[in-house]
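These values consider heavy atoms only, across backbone and side chains, with no hydrogens, waters or symmetry-generated copies.
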Amino acid sequence: MIDDITALRESWSEAEPPSPEARDRARTALLARIAEREATVPSPPDRHGRRLPGRAWRSGFAALGAAALVAGVVAAGDLGPATPPARPAPYVASGPAAQTFELAAVHAETEPFTPPRPDQWTYVELRIVRGKIAQDKGQATRETTRSWQRADGRQSAVMLDGKLEVSTESSDLPQVTPPQDYPTLAGLPTDPRALLDRLRDRSPSGRDGDEVAYNLIDSMLRDNVLPPGVKATLLRALALIPGVTRSREPVDFDGRPAIALGMVQDGWRQEDILLDPTTHEFLGSRTVVVEDHTTPEGVSLKKGDVEVELIRVAGRIVDAPGQTG
């Protein structure tokens with residue numbers, strides 16, 4: 001552990017507050033130290049009994065054990081000099097889930113991004129896998145959705161049965177929750193606590209504000225192309241929600257290993273956010289049954305059933321609806 005701390009300090013030479021470049025160098029040095037040690041750790045089997053690719057899960061998952069060092073420096077300057085930091089930390093979060101969300105936020109801040117023009121469109125492609133409830137309703141258990149949203153929020157489009165359906169342009173900006181237009185998304189609070197408080201206020205009467213905020217953030221991460229700063233703030237806001245936990249081992253998500261961070265809702269299902277174990281990029285969402293449950297329609301669900309997987313296939317800015325790249 002002392003070697004890890006030394007590596008982190010050596011890479012973080014700037015005075016507080018650290019620059020994004022210094023943060024990246026520190027994270028790289030720390031993860032490199034971890035990768036040297038965990039090469040002999042065997043990979044866990046997935047739900048089909050297959051071994052997940054060793055390097056893919058080890059280099060990410062083993063890093064979480066020491067990720068508190070990264071989160072501590074970013075949030076509070078724990079490893080810096082004895083003098084107080086130049087500015088207070090924007091938020092305070094701790095624990096395995098918070099450490100993982102911090103790594104994801106750091107990754108988000110480094111993603112290349114060019115803000116869209118008002119006449120450009122965001123394109124999002126999702127692959128959806130559904131379980132027993134969909135089967136009972138006669139719904140398709142597998143499908144791919146392709147949707148477009150004009151950056152100014154006044155027009156949308158979707159591919160239906162191979163045909164592009166474009167909505168009529170709205171004269172007024174639609175008031176929807178969560179927001180979908182780029183100006184509103186880009187103008188969200190950059191402080192995680194302020195953002196979380198705003199989302200909690202969107203909770204209908206009688207609904208848990210934390211659950212509502214969690215689901216709204218999940219939706220915004222999945223269904224939009226976000227500025228790096230906004231994406232990082234959303235991930236850090238998730239770290240502040242009580243009851244969010246991280247999987248002990250990588251899970252099999254769409255045939256690849258992923259870190260699952262989830263929140264139990266309604267007592268029987270867990271809504272998971274999935275991250276790449278190496279880069280901590282957002283991969284998608286899923287609903288997992290955590291307690292045996294029978295729906296009002298009589299569908300019997302067993303603990304461990306995965307009822308929905310929403311795999312984010314693509315998210316990019318394009319010039320017109322119908323374009324995918």
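- By the rule that hydrophobic residues join a cluster once side-chain heavy atoms approach within less than 4.5 Å of another member, Val212 and Ile241 end up as members of one cluster.
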| request: For Ile273 and Tyr214, run side chain to side chain contact (heavy atoms under 4.5 Å, CB included): C-alpha distance rounded to whole Å, both residues' side-chain angles, the deciding distance at 0.1 Å, then the answer. | output: CA-CA 10 Å; Ile273 286 172; Tyr214 178 93; 3.6 Å; yes

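- For the residue pair Asp181/Gln149, the side-chain donor-acceptor check at 3.5 Å is not satisfied.
- Looking at every heavy atom in both residues, Ser300 comes nearest to Thr294 through CA-OG1, 4.3 Å.
- Minimum heavy-atom separation, Thr110 to His107: OG1-O, 2.7 Å.
- Within the structure, side chain to side chain donor-acceptor pair (under 3.5 Å) pairs that include any residue of residues 315-325 comprise Gln120-Asp319 (at least two apart or interchain).
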Name the atoms and distances for all side-chain donor-acceptor pairs under 3.5 Å in residues 132-147, with sequence neighbours left out.
{"from": "Lys132", "atom 1": "NZ", "to": "Asp305", "atom 2": "OD2", "distance (Å)": "3.0"}
{"from": "Glu143", "atom 1": "OE2", "to": "Arg130", "atom 2": "NH1", "distance (Å)": "2.8"}
{"from": "Glu143", "atom 1": "OE2", "to": "Arg130", "atom 2": "NH2", "distance (Å)": "2.5"}

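- With sequence neighbours left out, the salt bridge (charged side-chain N to carboxylate O under 4.0 Å, His left out) criterion links Glu111 to Lys231.
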| request: Please test Asp272 against Phe253 for side chain to side chain contact (heavy atoms under 4.5 Å, CB included), starting from the C-alpha separation and ending with a verdict. | output: CA-CA 11 Å; Asp272 277 340; Phe253 183 62; over 6 Å; no

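- Inspection of the Thr279 and Glu281 side chains reveals no N or O donor paired with an N or O acceptor under 3.5 Å.
- For Asp223, the side chain to side chain contact (heavy atoms under 4.5 Å, CB included) partners are Leu126, Ser219, not counting sequence neighbours.
- Following chains of ILVMFWY side-chain contacts shorter than 4.5 Å, one can reach Leu240 starting from Leu261, so the two form part of one hydrophobic cluster.
- Under the 4.5 Å side-chain heavy-atom criterion for Ile, Leu, Val, Met, Phe, Trp and Tyr, Leu164 and Val124 are members of distinct hydrophobic clusters.
- At a threshold of 4.5 Å between non-hydrogen side-chain atoms, the residues Ile259 and Pro250 do not count as touching.
- Under the rule for a salt bridge (charged side-chain N to carboxylate O under 4.0 Å, His left out), the partners of Glu271 that lie at least two apart in sequence or sit in another chain are Arg269.
- Between Leu283 and Arg312, every side-chain heavy-atom pair lies at or beyond the 4.5 Å cut-off.
- When hydrophobic clusters are built by joining Ile, Leu, Val, Met, Phe, Trp and Tyr residues whose side-chain heavy atoms come closer than 4.5 Å, directly or via intermediates, Tyr182 is not grouped with Val318.
- One N or O on the side chain of Asp208 and one on the backbone of Asp210 form a donor-acceptor pair closer than 3.5 Å.
- Between Ile317 and Thr114 there is no side-chain heavy-atom pair separated by less than 4.5 Å.
- Although no hydrogens or angles enter the test, the distance criterion places a donor-acceptor pair under 3.5 Å between the side chain of Asp152 and the main chain of Arg154.
- A 4.5 Å side-chain heavy-atom check between Asp218 and Phe282 finds at least one atom pair inside the cut-off.
- Formation of a donor-acceptor pair under 3.5 Å by the Ser167 side chain with backbone atoms of Ser156 is found in this model.
- A donor-acceptor distance shorter than 3.5 angstrom exists from the side chain of Thr295 to the backbone of Val299, with no hydrogens or angles considered.
- Residue Ile311 holds its CD1 atom at 8.5 Å from CD1 of Ile128, rounded to the nearest 0.5 Å.
- The main-chain N or O of Arg193 is found under 3.5 Å from a side-chain atom of Asp191 such that the two form a donor-acceptor pair.
- The two atoms that bring Pro257 and Pro277 nearest to each other are O-CD, 3.3 Å, heavy atoms only.
- Leu235 and Met220 fall within the same hydrophobic cluster, defined by Ile, Leu, Val, Met, Phe, Trp and Tyr side-chain heavy atoms under 4.5 Å apart, directly or through other members.
- If you take CD on Glu291 and NZ on Lys302, they are separated by 12.0 Å, rounding to the nearest 0.5 Å.
- Side-chain contact check for His280 versus Val106: every heavy-atom pair is 4.5 Å or farther apart.
- Salt bridge annotation for Arg256-Asp252: absent, with no cationic side-chain nitrogen under 4.0 angstrom from a carboxylate oxygen.
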| query | Hey, mind stepping through Val230 and Asn224 against side chain to side chain contact (heavy atoms under 4.5 Å, CB included) and telling me if it holds? | reply | CA-CA 11 Å; Val230 172; Asn224 297 283; over 6 Å; no

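- Here Asp266 contributes atom CG and Gln270 contributes atom CD; the two are 12.5 Å apart, rounded to the nearest 0.5 Å.
- What you find for Leu196 and Ala237 is that their closest heavy atoms are CD2-O, 4.0 Å.
- For Tyr123, the ring-ring contact (aromatic ring centres under 6.0 Å, His included) partners are Trp148, not counting sequence neighbours.
- The pair Asp197-Arg200 counts as a salt bridge, with a side-chain nitrogen and a carboxylate oxygen less than 4.0 angstrom apart.
- Under 4.0 Å is where a charged nitrogen must lie from a carboxylate oxygen, and between Arg150 and Asp119 no such pair does.
- Salt bridge annotation for Lys303-Asp292: absent, with no cationic side-chain nitrogen under 4.0 angstrom from a carboxylate oxygen.
- Inter-residue side-chain proximity for Leu226 and Leu185 is flagged as met; some heavy-atom pair is nearer than 4.5 Å.
- Looking at Arg236 and Leu195, their side chains never come closer than 4.5 Å, going by heavy atoms from C-beta outward.
- For the pair Arg246/Phe101, no side-chain contact is recorded, criterion being any heavy-atom separation below 4.5 Å from C-beta on.
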| task | Determine, step by step, whether Thr233 and Leu188 satisfy the side chain to side chain contact (heavy atoms under 4.5 Å, CB included) criterion, reporting the C-alpha distance in whole Å, the side-chain angles of both residues, the deciding distance to 0.1 Å, and the verdict. | result | CA-CA 9 Å; Thr233 302; Leu188 290 172; over 6 Å; no

